[in-house]
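Every chain is numbered from 1 and lettered A, B, ... according to where its sequence line falls, protein lines coming before strand lines.
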Amino acid sequence: MSHDLLQMHLKAVISCLVIVLYKVHTTKAGQFFSSGHTNNWAVLVCTSRFWFNYRHVANTLSVYRSVKRLGIPDSHIVLMLADDMACNYRNPKPATVFSHKNMELNVYGDDVEVDYRGYEVTVENFLRVLTGRLPPSTPRSKRLLSDDRSNILIYLTGHGGNGFLKFQDSEEISNMELADAFEQMWQKRRYNELLFIIDTCQGASMYERFYSPNLMALASSQVGEDSLSHQPDLGIGVHLMDKYTFYLLEFLEEVHPASQANMNDLFKVCPQSQCVSTPGHRTDLFQRDPGSVLITDFFGSVRKVEITKDTINLTSPVEPPIKRSGSSDIQIESLTYVDQLPVAEIIHQKPKQKDWHPPDGFILGLWTLILLVFFQTYGIKHLKHIF
Amino acid sequence: MAAHRCGLSLVCILIFSSLAHPSSCDTLEKANDNTAEKRSISEVNTDGSVAGEALNERQWQSTDAEVDRSDSTTHSEALTPAAARDEFQEELVIRPLHSGDIYASFQFRTLWDTDFLQEGQKVSHYRLFPKSLGQVLSKFSVRELHISFTQGFWRTMQWGQPFIPSPPGAELWVWFHDTVSDVDGNWKELTNVLSGIFCASLNFIDLTNTVQPSASFKPLGLGNATDHRFLRYATLPREIVCTENLTPWKKLLPCGSKAGLAVLMKSEKLFHSSFHSQAVHIRPICQDEQCSSKAWELRQTLNVVFDLHTSGQGKKEWSLFKMFSRTLTEACPLASSSKVYVDITDNPEGELFELSPATPLLGQAVVLGDRRTYSVYDLSRAETFGQLRSFNLLLRWKGDSGDMLRPLLHAERYVAGFGLQTGEIHTVIYNNHPYRAFPVLLMDSVPWYLQLYIHTLTVTSKSRDNKPSYIHYQPAKDRHRPHLLEMLIQLPPHSMTEVTVQFERALLKWTEYTPDPNHGFYVGSSVVSALVPSMVAMRTNFTQDQPLFSSFVPVKEESSYFVRVYTEPLLVNLPTPDFSMPYNVICLTCTVVAVGYGSFYNLLTRTFQVDEPSPPLSKRLANLIRRMRGVPLLT
């Protein structure tokens with residue numbers, strides 16, 4: 001009897017162990033999908049113009065580089081650069097934008113695709129990209145086609161102040177406009193979770209007014225503090241990066257697509273000893289605990305991978321072109337090229353038939369005046385000769 | 001007891017089987033897929049019967065083209081769809097220039113004999129022709145498309161004529177098919193789509209900078225009717241060209257930038273040059289010499305001039321590695337021909353420069369009115385790459401080259417005048433031919449904010465009035481349309497012709513200024529099109545084995561060749577307000593109001609009251625005690 005009981009207990013223990021192991025297996029798989037997002041987007045904006053704001057373009061490009069390296073494809077990144085630094089005539093090394101002095105790291109690279117550039121980077125275009133209200137002829141690469149399962153990373157850099165961010169030295173976006181734009185995105189379910197990073201002076205003021213759920217925000221400085229630039233390069237002649245983004249880049253260089261680093265590590269980037277300004281963050285609107293949110297949830301990308309064991313035979317790529325000998329029975333007259341400068345034809349060209357437009361106000365007024373004067377002087381009895 | 005045991009083991013088995021379940025599901029599904037594929041292949045096998053056609057192509061084509069072939073003849077070949085053949089050729093031409101610079105011109109051509117615009121035949125299988133461009137062509141019924149992005153200005157006096165000219169900035173001109181009813185709507189959408197494809201701000205092209213030339217820009221492809229209502233031309237002189245434009249351009253090539261000549265395109269070297277121009281030209285051309293059917297040609301060209309002092313470090317010694325920081329290792333496997341040409345016309349005996357590795361192949365071509373000799377390197381042959389499997393061309397100068405022959409046609413443009421109200425545009429065209437006169441067509445497109453006074457237009461040659469035989473002028477409409485001026489001028493031999501017109505600068509509305517208005521506003525280049533007399537008889541018939549750089553412009557007569565010269569773009573300053581003034585005015589006014597009115601208001605309404613200060617603590621305590629005692633309080 002006791003032997004049987006022992007065996008029963010043993011079986012129970014074994015089954016419990018099996019169930020526990022099974023649960024562990026599912027939690028690891030479960031954790032993979034627990035964040036609830038299926039695709040990643042990034043909107044990276046540099047809002048400053050002119051050569052001395054080189055560092056803002058370098059900031060944006062370094063985040064672009066990290067985000068691309070961790071897996072988000074170009075089709076899911078909307079990159080907005082307000083001015084061109086790489087091919088600027090003042091750049092001693094064209095087609096490069098460096099982040100470290102002595103030209104150590106070229107963040108511009110050889111494979112960059114800028115979606116909005118130059119004068120296109122305006123407050124209106126930025127808000128239209130976020131809310132999706134773009135004119136119908138806008139190409140896909142300029143749209144943020146996110147859905148309710150997208151995690152979006154938004155990075156802004158430039159010159160800012162208490163409650164505003166300057167766009168291109170001519171207009172501003174206020175923190176209330178930004179908060180309203182995010183609320184519009186929430187109402188239209190255009191994001192699952194949103195991470196907002198801003199690197200400007202008094203950056204924390206920009207996230208003060210957010211009121212939509214699932215938003216997490218980071219800023220490089222508190223209200224009343226300035227964000228400082230990192231180091232100048234004497235060869236190029238300008239400051240290359242801002243302090244906060246420089247240390248953010250150094251942190252992200254260590255992150256790889258399978259890394260388990262979470263948001264708490266990101267909050268620790270650039271403490272006051274390194275940055276001089278105090279970086280701030282806001283997580284009260286965020287549903288999950290920041291410690292359980294992976295960096296790659298926003299900076300990396302979810303990819304579906306299907307493994308197949310089939311082999312496909314590729315045929316040889318080039319077949320010699322077969323000259324088709326007059327296969328059609330119908331005789332087509334031989335086509336000709338157009339004369340590039342037919343002088344005789346041009347000289348005798350008839351003037352274009354212009355469309356008839358009704359006479360505009362001036363002509364009508366003039367004729368009315370003439371008729372009035374005529375009838376004034378000669379009397380109304382001449383009217384019957386006209387009509 | 002036994003039942004319990006059985007039950008427990010059953011539970012264990014169930015748990016284990018559920019763990020193992022997912023993988024078996026996958027394998028079952030994969031097996032299903034395999035059988036489905038095999039079934040489809042066998043179906044197509046029984047259908048197709050013509051030998052010599054690739055199986056793969058028919059798998060794709062049969063679903064599309066079978067339905068559309070119902071109206072064709074009962075010819076046996078018509079029942080089976082003919083696979084649209086496409087062909088890719090690449091070449092690089094290197095031309096050493098007299099100033100010590102070196103001119104490299106890449107041309108990639110994809111020829112495809114299909115018709116996008118034919119009714120009933122939907123093209124859905126793209127092989128070498130890029131799908132993004134093919135879809136654009138069929139959606140907007142485009143007959144011809146020419147787009148170019150240029151950084152720098154081509155110096156005709158120092159470098160001669162380029163193979164394919166282009167103006168600084170971005171230039172787009174399109175011929176639409178005559179079935180299009182709303183050309184302007186198609187044009188607007190086309191520019192937006194192209195701005196997405198090429199990562200450029202082409203969406204700034206709108207009616208204020210689009211013109212419809214009446215005689216210039218005739219189609220370079222096949223066609224007979226040329227109704228200029230279907231032509232649109234626009235240029236953005238401010239457009240910047242950088243790596244983000246090169247990246248999508250490279251992606252249009254069949255081999256990308258992985259194999260063939262495109263591996264040489266490294267942006268760090270290409271943009272560190274005096275002139276960089278990349279272009280895409282799409283047009284219908286003759287498929288063969290009889291010219292009985294059309295084929296679509298996509299040409300991607302990249303012209304770059306490397307400067308002697310910045311890229312060459314002052315030494316007159318050029319190699320592929322020095323120019324592009326790469327060497328060639330293989331030809332593009334998808335190319336039917338891949339060649340490198342080096343212009344050795346000025347070096348017949350090898351006394352000017354030395355070329356290595358030496359090649360026995362020589363080619364001659366008549367291009368730009370001159371017969372030039374080229375050393376040809378065929379990259380499809382393995383021996384070109386030598387032992388090291390890498391091809392690096394080396395040109396070492398030995399002697400000093402003499403002066404370059406002056407180009408026959410040359411144009412310049414500048415703004416004269418002072419102040420911010422009026423000015424004068426001068427366009428100077430030089431005809432350097434000693435005894436031949438020829439006509440040129442000058443096209444000017446000036447933005448509306450420079451208000452031209454056409455009554456001050458003068459054309460003088462050799463200090464005498466030269467009346468143009470054809471003038472087409474379309475005046476500007478404020479904020480709607482730019483000026484368009486086209487003139488056919490006969491240039492006397494060996495002369496300088498000057499075209500001047502005065503203008504007045506407009507004051508824009510404050511929202512119309514760019515964020516950096518003090519930089520100035522650009523006026524696009526003038527275009528001078530001419531048939532220049534050539535020194536050598538040009539070939540009028542096209543052969544398939546002609547090198548690409550000599551077969552771009554169709555030649556109609558032997559004695560002259562067509563050339564297009566672009567002038568400099570102009571940079572004019574418009575009267576610019578001080579944009580900090582609204583802020584200054586608000587500050588000043590508010591200060592004045594606050595100080596002036598505020599103090600006046602205070603004077604009138606303020607009343608003074610005596611206010612007892614609160615007594616110190618000791619006095620308060622003393623008062624408390626005194627109150628308790630009933631004694632009079634302290635003041």
Side-chain angles (χ1 to χ4, degrees), chain A residues 4 7-8 11-12 14-15 18-19 22 25 49-50 84 86-87 93-96 108-115 117-120 137-142 168-170 308-310 315 317-324 326-327 329 332 334-341 343 346-347 349 352, chain B residues 1 4-5 8 11-12 15 19 52 54 56 73 75 77 85 87 151 188-189 192-193 195-197 199 201 214-215 218-219 222-224 226 240-244 247-248 266-268 271-272 286 290-294 333-334 336 439 441 469-470 488 514-516 529-531 553-554 556 562:
Chain A
D4 279 336
Q7 270 198 324
M8 200 185 76
K11 282 245 158 55
I14 291 169
S15 56
V18 162
I19 290 164
Y22 179 60
H25 172 82
R49 177 162 274 278
F50 304 123
D84 170 58
C87 288
K93 288 210 90 194
T96 58
Y108 195 59
D110 215 11
D111 190 30
V112 61
E113 283 185 23
V114 182
D115 301 305
R117 56 185 205 158
Y119 299 130
E120 292 180 290
S137 51
T138 317
R140 280 181 74 102
S141 59
K142 288 183 163 181
Q168 295 228 37
D169 210 28
S170 65
T308 169
K309 293 202 184 78
D310 297 338
T315 54
V318 180
E319 290 113 4
I322 295 172
K323 298 241 184 299
R324 268 184 290 173
S327 57
D329 296 325
I332 312 167
S334 67
L335 308 155
T336 51
Y337 287 102
V338 179
D339 209 355
Q340 289 300 305
L341 194 69
V343 178
I346 292 171
I347 293 175
Q349 199 164 338
K352 231 174 6 150
Chain B
M1 215 44 72
H4 275 296
R5 230 178 284 144
L8 279 170
V11 165
C12 293
I15 289 164
L19 280 174
N56 278 343
T73 59
H75 199 264
E77 271 201 15
R85 290 258 155 250
E87 199 195 336
Q151 177 207 57
K188 183 84 198 129
E189 284 190 45
N192 276 317
V193 167
S195 86
I197 294 177
C199 286
S201 355
S214 65
K218 295 254 184 256
L222 290 175
N224 27 16
T226 57
I240 303 154
V241 185
C242 209
T243 313
E244 65 252 22
T247 309
K266 289 290 152 198
S267 54
E268 286 187 18
F271 290 102
H272 197 44
C286 292
Q290 287 88 25
C291 215
S292 50
S293 54
K294 280 195 212 183
L334 297 169
S336 59
L441 186 61
S469 28
Y470 169 78
L488 186 68
T514 56
D516 51 350
S529 322
L531 276 173
V553 182
K556 283 279 187 168
F562 178 72

Checking heavy atoms, do the side chain of [X], its backbone, both or neither come under 4.5 Å from chain A?
{"X": "B:F271", "value": "both"}
{"X": "B:S469", "value": "both"}
{"X": "B:L488", "value": "side chain"}
{"X": "B:K294", "value": "both"}

(message) With a 6.0 Å cut-off (strictly less than), is the heavy-atom count around NZ of A:K93, excluding the residue itself, greater than 12?
(response) no
Let's test your reading of the structure: which of [options] forms the most heavy-atom pairs below 4.5 Å with chain A?
{"options": "B:K556, B:K188, B:H272, B:E244", "answer": "B:E244"}
{"options": "B:A215, B:C242, B:P439", "answer": "B:C242"}
{"options": "B:S195, B:P515, B:G196", "answer": "B:P515"}
{"options": "B:D516, B:I197, B:L531", "answer": "B:D516"}

(message) Main chain of A:G118, side chain of A:Q168: is a donor-acceptor contact present, judged purely on distance under 3.5 Å?
(response) yes
(request) Below 4.5 Å from any heavy atom of chain B, which atoms of A:R117 appear? Answer side chain, backbone, both or neither. (result)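 A:R117 touches chain B through backbone and side-chain heavy atoms alike.
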(request) Can you tell which part of A:S137 gets under 4.5 Å to a heavy atom of chain B, answering side chain, backbone, both or neither? (result)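 For A:S137, backbone and side chain are both near chain B.
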(message) Regarding A:Y119 and A:S170, do their side chains bring together a donor and an acceptor under 3.5 Å, going by distance alone?
(response) no
(message) Checking side-chain polar atoms at under 3.5 Å, does B:E268 have a donor or acceptor matched by the opposite partner on A:Y108?
(response)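 Distance-only check fails for B:E268 and A:Y108.
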(message) Please give me the minimum heavy-atom distance between A:E120 and B:S201, naming the atom from each residue.
(response)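 Result for this residue pair: OE1-CB, 3.5 Å.
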(message) To check you understand the geometry: which heavy-atom pair defines the closest contact between B:T247 and A:V112, and what is its length?
(response)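 Reported closest heavy-atom pair: OG1-O, 3.4 Å.
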(message) Can you tell me which of A:D110, A:I347, A:T96 forms the most heavy-atom pairs within a distance under 4.5 Å of chain B?
(response)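 The candidate making the most pairs under 4.5 Å is A:D110.
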(request) Take A:C87 and B:V241 through the test side-chain contact (heavy atoms from CB on, under 4.5 Å) and record every step on the way to the result. (result) CA-CA 7 Å; A:C87 288; B:V241 185; over 6 Å; no
(request) Please determine if A:D339 and B:K218 form a salt bridge, counting it only when a charged side-chain N lies under 4.0 Å from a carboxylate O. (result)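 Answer for the salt bridge query: no.
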